[in-house]
**Q** 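Questions regarding the structure given below will be posed in turn.
In what follows, every heavy atom counts, from backbone to side chain, and hydrogens, waters and symmetry copies are set aside. Order of listing sets the numbers, starting from 1, for every ligand and every atom in it. Each residue takes its place number in the sequence, starting with 1.
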Amino acid sequence: MLEAHESGDRLPMPACDNVECDKFVSANGDLKRCSCCESVYYCSADCQRLDWRRGHRKTCAAIRSHSLENPDFLTSRDRSFLRTIVHKIYKTQALNIFLVQLGVMKESLILPTECVTILKYTGANFDITSSPANPELYLHNSAIPVGPMWQDQLSRALASNHRIHLHVIVFPRAQEQMLAKIVPVRRPNAAVWDGLHALVQEMPEGKEPHKGRREWSAGPEIVAKVEALIRATIAKDEVY
Ligand SMILES: [Zn+2]
Ligand SMILES: [Zn+2]
């Protein structure tokens, strides 16, 4: 964080959790929290009402009881911090991340909004994987903290017109346990997901299916197109 401040990077801004709302607020801004689950944030009472109707009403009470049993759930500041980490990772790893995402979209025939990216720190190593976000699909990654908060964020991503991209960041903690946190990243528009979706259609089929999956690797042509997509989208967005 300090490094980001000193290098003059702008930090990612928290967004209102109503997916219809375009408001990003300043890092110490005035988002108001849902007083029941204390896990989602809105710029106004109107936005809270709209998100409640869209689907938060189905998960709010469950998130509340889950967070009482699991004391390490996130504050708004924690969320901003994790978004900053994801933002920094994209600065150097965007090509790898997008190629991994394309692979899972192609292999499991899912739309970009149905895909979650897992950024896992395991001591010295850093591992990027991607998987369908729906816990019922067989490729679902066991690192994903499925629970009411996951359902809440997934329903929001699916309703976001391709702007919210789900990430899970995984850290080692004491006694070989892992701590996994959901980080929904909201982009200002759908350009990234729409660009990746268009590329999936262009990609050649993978090799013969292996254990029911088609192993897939990107040729130089796809790599060049992904690089162009990065230049046209996230390389420009200092803040998302
Ligand atoms: Zn709530
Ligand atoms: Zn709002």
**Q** Tell me whether L111 is reachable from V19 by hopping between hydrophobic residues (I, L, V, M, F, W, Y) whose side-chain heavy atoms are closer than 4.5 Å.
**A**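 V19 and L111: separate clusters.
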**Q** Are L158 and L50 in one and the same hydrophobic cluster, where Ile, Leu, Val, Met, Phe, Trp and Tyr link if side-chain heavy atoms are under 4.5 Å apart?
**A**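 Different clusters: L158 never reaches L50 through Ile, Leu, Val, Met, Phe, Trp or Tyr contacts under 4.5 Å.
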**Q** Report the C-alpha distance between L119 and V170 in whole Å, list the side-chain angles of each, state the deciding distance to 0.1 Å, and finish with yes or no for side chain to side chain contact (heavy atoms under 4.5 Å, CB included).
**A** CA-CA 6 Å; L119 306 166; V170 185; over 6 Å; no
**Q** Output, by chain and residue number, all protein N/O/S atoms separated from the Zn ion (ligand 2) by less than 2.8 Å.
**A**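 Near the Zn ion (ligand 2), below 2.8 Å, one finds C16 SG, C21 SG, C43 SG, C47 SG.
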**Q** Side-chain heavy atoms nearer than 4.5 Å, only ILVMFWY residues, links allowed to pass through others: does that put I97 and L95 together?
**A**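 Yes, same cluster.
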**Q** Looking only at heavy atoms, which two atoms of T113 and A157 are closest? And how far apart?
**A**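 Closest approach of T113 to A157: CG2-O, 3.8 Å.
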**Q** Around the Zn ion (ligand 1), list the protein N/O/S atoms within a radius below 2.8 Å, excluding water molecules.
**A**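 Near the Zn ion (ligand 1), the protein supplies C34 SG, C37 SG, H56 NE2, C60 SG.
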**Q** For W52 and K58, run side chain to side chain contact (heavy atoms under 4.5 Å, CB included): C-alpha distance rounded to whole Å, both residues' side-chain angles, the deciding distance at 0.1 Å, then the answer.
**A** CA-CA 8 Å; W52 184 258; K58 293 184 198 142; over 6 Å; no
**Q** Could you tell me whether D51 and R156 make a salt bridge, using a distance below 4.0 angstrom between a side-chain N and a carboxylate O?
**A**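 So D51 pairs with R156 through a salt bridge.
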**Q** Between E202 and K225, does any NZ, NE, NH1 or NH2 come within less than 4.0 Å of an OD or OE carboxylate oxygen?
**A**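 Looking at E202 together with K225, the answer is yes, because their closest N to O distance falls below 4.0 Å.
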**Q** Determine whether the aromatic ring centres of H165 and Y90 lie less than 6.0 Å apart.
**A**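 When the ring centroids of H165 and Y90 are compared, they turn out to be at least 6.0 Å apart.
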